[in-house]
Number of protein chains: 2
Amino acid sequence: MSITIRDTSNTILSTAERLFNERGGPIVSMKDISEAAGISRQAVYLHFASRTSLISATLCFIDDASRNGDEFRHLREAQTGPEILYAFVEYWGNYVPKVYGAAKALMALRDKDEAAATVWEERMESFRNGCRRTIETIEHEGRLSPQWTVDEGVDLMSTMLSIESWERLTIERSWTTEEYVVRVNRALRQILLVPD
Amino acid sequence: MSITIRDTSNTILSTAERLFNERGGPIVSMKDISEAAGISRQAVYLHFASRTSLISATLCFIDDASRNGDEFRHLREAQTGPEILYAFVEYWGNYVPKVYGAAKALMALRDKDEAAATVWEERMESFRNGCRRTIETIEHEGRLSPQWTVDEGVDLMSTMLSIESWERLTIERSWTTEEYVVRVNRALRQILLVPD
DNA sequence: AATGTAGTTGACGCCATGTCAAGTAAAGAA
DNA sequence: TTCTTTACTTGACATGGCGTCAACTACATT
């Protein structure tokens, strides 16, 4: 027995999620989404105050659905610094493809829309905290390369894992998710970890 | 005796260069540029067919002016793989701040403007070729880490040095140009080079 | 004096986001 | 049954980009 989508808000969100990924976030207009959801353009604004608000809600909608995967469990169960690093990259490499379209849509608004910039900033902050916990664990185990401080390690890790870097490696350079996870994990180990 | 800018095209280009960097590429409109250049909005189109064309010309304009720096000479004089790598990062770290505004303006158009996407693609191609020459030199010297193929090395290097990564490290994380050069060079050495 | 060059202004088309007013269809409550 | 609320509809409009066009002007060249 399949679960039918209950209300219009959810219909809009799942339609937006699909269109953002299928056609590319920034080129999907509010009209496109409303038509695909089977309602009028104006009706979307009865549920979401603005494009930014819709995109933000879409990202949360996707987040909720992606806390059930194996990768999320692996990340929670990882113990040592290097294990956490691998699990983090694995989780991230499987998470980004889901949010990519909506994230790009949000990024495109950042320059001209203060609210979009704020939403992005908050998500970045949370992502950086994940990186920071990883690096701090590595550091507490005495496995952080003496070449780097924790802050520098966080900066490098969050840059290497950024959505833009993910986009370049997977979409432009055709790395598969598995290749991305293995190679980015390897590169980050080489940068951050002191050799055994 | 100072060189006065001869024609309106050059006035527009240097104005665009300045505004893109001062205010941020994507939010600078054709009207802003024309007003700052002291001509009407429509007159810009007598010199450049489109916004994309103007941005592209601005990037070439900046390129021309940046082939005289020390860093460019260092890059041409570098001999060994690791020397080339350092000189490349040094050159790049000093070059990106100059094109950043215009590059962001171009990036913002990529999704909706085929021509902008093409211009970007061509510039990326040229940048990747620079990375490739570096990695190939390292490989011919037998100093490329056996963990990576040349292609993978190029992908990692071009991602690490991408404008988006530069933006994150310098603008968002406040790395100075010197810190950027030293740290990114160090990270790339750790990833790519086999230990001595 | 005639011509070409490089600007000017004002208007228009297109498209996106966002807002507003007025109308409608259906469900629930009195 | 009637009334009201809710959710949606249509059509119109404002704002603000880019890009185009026509008509006009000032100036230098020939």
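In the text below, chain A, chain B and the rest are named by the order of the sequence lines, each starting its count at 1.
One can place CG of A:D7 at 12 Å from C1' of D:dA7, the figure rounded to the nearest angstrom. The distance from atom NE2 of B:H47 to atom P of C:dT5 is 14 Å, rounded to the nearest whole Å. Distance A:L54 CG to C:dT17 P: 10 Å, rounded to the nearest Å. When rounded to the nearest whole Å, the span between CG of B:D32 and P of D:dG17 equals 7 Å. Across the protein-nucleic acid pair, A:K31 atom NZ and C:dT17 atom C1' stand 13 Å apart, rounded to whole Å. Note: CG (A:L46) to C1' (D:dT10) measures 13 Å, nearest angstrom. In this structure, B:D111 atom CG and D:dG17 atom P are separated by 20 Å, rounded to whole Å. What separates CG of B:L109 from C1' of D:dG17 is a distance of 11 Å, to the nearest Å.
At a threshold of 4.0 Å, the pair A:K98-A:D63 does not count as salt-bridged, since none of the basic side-chain nitrogens sits closer than that to a carboxylate oxygen.
Under the 30°/60° scheme for interplanar angles, the aromatic rings of B:W92 and B:Y95 are found to be tilted.
The phosphate of C:dC15 has neither OP1 nor OP2 within less than 4.0 Å of any side-chain N or O from A:S29. OP1 and OP2 of D:dA7 both lie 4.0 Å or more from every side-chain N or O belonging to A:T8.
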Quiz item: Can you give one letter per nucleotide of nucleotides 19-30 of chain D, going 5' to 3': B for a protein heavy atom under 4.0 Å from the base, S for sugar-phosphate only, - for none?
Solution: BBB---------
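Following chains of ILVMFWY side-chain contacts shorter than 4.5 Å, one can reach B:I171 starting from B:L106, so the two form part of one hydrophobic cluster. Two different hydrophobic clusters hold A:L54 and A:I27 under the rule that ILVMFWY side chains link at heavy-atom gaps under 4.5 Å.
The residue from B:T159, B:L161, B:D155, B:V154 that alone fulfils the side-chain contact (heavy atoms from CB on, under 4.5 Å) condition with B:M157 is B:L161.
Contact annotation for B:S40: base contact, defined as any heavy-atom pair under 4.0 Å involving a base atom.
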